[in-house]
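Structure first, commentary second.
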Amino acid sequence: LTSREPIGIEGETIWTLEPLGLPDQSDLDGSSDAPALQLFLQRLASVVPTLPLDAAARTRAARICRALDGLPLPIELAAARALSHSLDDIATQAEADPGRLGRVGRGPQDHRATVRSAIEWSHQLLEPAERIAHRRLSVLPAAFTIGPARAVLADFAEQGDPLDADDVLARLVRRSMISSEGPKGPGRPTAFRQLATVRSHARHALADSGETAAATDRRDAWTAALVEVQPVLGTTAELEWYRAIDDDYASVRATLARQLIDEPSRVGGRLAYRFTYYWYYRGRLVEATRWLELSEQLLRSGDPTDAMLARLNLGTCQALQARVDLVRPLLDGLDDRVRSTPSARLAEVGEALIGLAMAMYTRDEYALLGGLSRLLYWVAERAGRDHLALLADTVGCCALLVAGPPEAAVQLALSVQERAEREDNLTASWMSTAPLIITALRDGRPQDGIQWVDRCLTVHQQIGTGSVGMFLETRANFAAQSGDYVQATRSYAASRIATRRAGMVWPNRAHSQEFLSRTRRELSRADYENAWREGEQVGVADLVHPPH
């Protein structure tokens, strides 16, 4: 006997059938042997035997299977359409509204005639509270946790009593209308998911109820509340905040899409620039740039502080992608704008200046770095915030490396390191290693330099490893300097992958080309290629020795 929910009789054994395994997103040629893809290809071959199942067809088939969450019925219905539609057309239909897929031909016209009718049959068995939750949860795409779920269900009362979100989620899991995926890590909340086909039905039900705008408003208010509890830059509390964003990033992204694209608003513009450091640590600079461009356009007129923060954060992402030419116009008149900022918002401006200053340092834009450093000292003094004073010195030691004697920069960097440890500020800890790394490379002290690079990598492993490519590149330079060319090659390979994945230019620093060329000369072609392949396979942890 099969059923969408347990019957509840003594001796009943529950065996949950999961969707068929899906091809991975990295499978670009459709060569996967995932069960969902194999089922689709089998049905496709029986419908159109003459259709060549080449790499292009398999790639489109994998796209269709992912859009249908690996569910057998929608996959079979989609394959049946190949007699009348191209695979591109079927993929577009599946992604836009998988519930519309229906049976063609003379098959049985029962409740499984369309995907939506199959789900409607289960929907009719739900209690009133479960139906309301079913449709409102459709505004939370992909995985979501109890936080945004409570938000979209907050104002509903069942028979005068507030709806318990935990209870209704448990009931929907029992009825197979959502799935429980467990937490994404220790101590993190359980993640739930509506399959795409179920969510398609729920969206139509939400529209029919007239609640679409209200439900999306509640989701967006939840995102705004998440942004409001953003911790002080660099503190360990940031780690939990970043993980909270990770847990519900699909809902965050849906809010940004609505507030910046579908229904552009200044609220969306202000939300976007608050995520810049998160996007950096997650290696999402290309995505960040797109959101921040929309933010800057929306906020260009209106509150001058909002407009400046949008420009500063956009400039940070552009500079990290080696587009300093786009940043310079954003900085025109920056001194005057910063010095006229209301005192209540100086801390926000200071944190944005820190990111932009360090981005300029990575691009060797030392003149701009010096000006930003001086401005940041002024902000830190006026704001009276301890963490800004520490981070101003962090940027200051990098500026001093160029403008003053290197020894002074090193001493200030070591002082910042001690203070960062006392104040438990991770951002100051890794940023202030820059003078220590540069002087070690200049003086030919690779072992000292590697220790400081590993500190950067270790901190990034705590926060997020999305943008570690530049540090792996520096580590490779030190390995080449010490004569360990095999290790240098491995690190260059890992660096290239990480850097390009984050949307940044590789190599990051001009002097890396000299060390890379030396490494190629010192190894045979076979040894170089073998080491490069090894580097492409290893993770950051395999290359890092924890610093003392």
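Values below: every heavy atom of this structure, side chains too, minus hydrogens, waters and symmetry copies.
Side-chain contact check for Thr439 versus Leu401: some heavy-atom pair is nearer than 4.5 Å. Taking the side chain as every heavy atom from C-beta outward, Thr394 and Trp430 never approach each other to under 4.5 Å. Side-chain contact between Leu39 and Pro72 is present, with at least one heavy-atom pair separated by less than 4.5 Å.
The distance between the ring centers of Tyr249 and Tyr278 falls below 6.0 angstrom.
The environment of Glu181 atom CD is dense: over 12 non-hydrogen atoms of other residues, nucleotides or ligands sit within 6.0 angstrom. For Arg253, the CZ atom sits in a packed shell: over 12 heavy atoms of surrounding residues, nucleotides or ligands are nearer than 6.0 Å. Other residues, nucleotides and ligands contribute at most 12 non-hydrogen atoms within 6.0 Å of the CZ atom of Arg290.
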Any chance you could lay out the side-chain hydrogen bond (donor to acceptor under 3.5 Å, both in side chains) test for Arg518 and Gln481, step after step, and finish with the verdict?
CA-CA 9 Å; Arg518 183 194 306 178; Gln481 191 177 58; over 6 Å; no
Test side-chain hydrogen bond (donor to acceptor under 3.5 Å, both in side chains) on Trp222 and Ser251 and set out the steps.
CA-CA 9 Å; Trp222 173 86; Ser251 295; over 6 Å; no
Where do Val459 and Phe471 land on the side-chain contact (heavy atoms from CB on, under 4.5 Å) test, with the steps shown first?
CA-CA 11 Å; Val459 170; Phe471 306 116; over 6 Å; no
Start with the C-alpha gap between Tyr273 and Trp291, add the side-chain angles, then the distance that decides, and say whether ring pair (Phe, Tyr, Trp, His ring centres under 6.0 Å) holds.
CA-CA 8 Å; Tyr273 64 65; Trp291 293 128; over 10 Å; no
Show your working on side-chain hydrogen bond (donor to acceptor under 3.5 Å, both in side chains) between Thr289 and Gln321 and close with a plain yes or no.
CA-CA 10 Å; Thr289 300; Gln321 295 172 86; 2.6 Å; yes
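Relative orientation of the His460 and Tyr280 rings is perpendicular, given thresholds of 30° and 60° on the angle between their planes.
Expressed to the nearest 0.5 Å, how far OG1 of Thr474 lies from CG of Asn508 amounts to 7.5 Å. Between atom CG of residue Asp246 and atom OG1 of residue Thr145 there is a gap of 11.5 Å, rounded to the nearest 0.5 Å. The structure places CZ of Arg509 at 4.0 Å from CG of Asp364, a figure rounded to the nearest 0.5 Å. A distance of 11.5 Å separates CZ in Arg219 from CG in Asp248, rounded to the nearest 0.5 Å.
Proximity of a side-chain donor or acceptor of Ser491 to a complementary backbone N or O of Gln487 within less than 3.5 Å is detected. Thr92 places a side-chain N or O within 3.5 Å of a backbone atom of Asp88 that can act as its donor or acceptor partner.
In summary, the side chains of Asp527 and Ser524 do present a donor paired with an acceptor at a separation below 3.5 Å, with no hydrogens or angles considered.
A side chain to side chain contact (heavy atoms under 4.5 Å, CB included) with Leu44 is found for one member of Leu51, Ile64, Ile75 and no other, namely Leu51.
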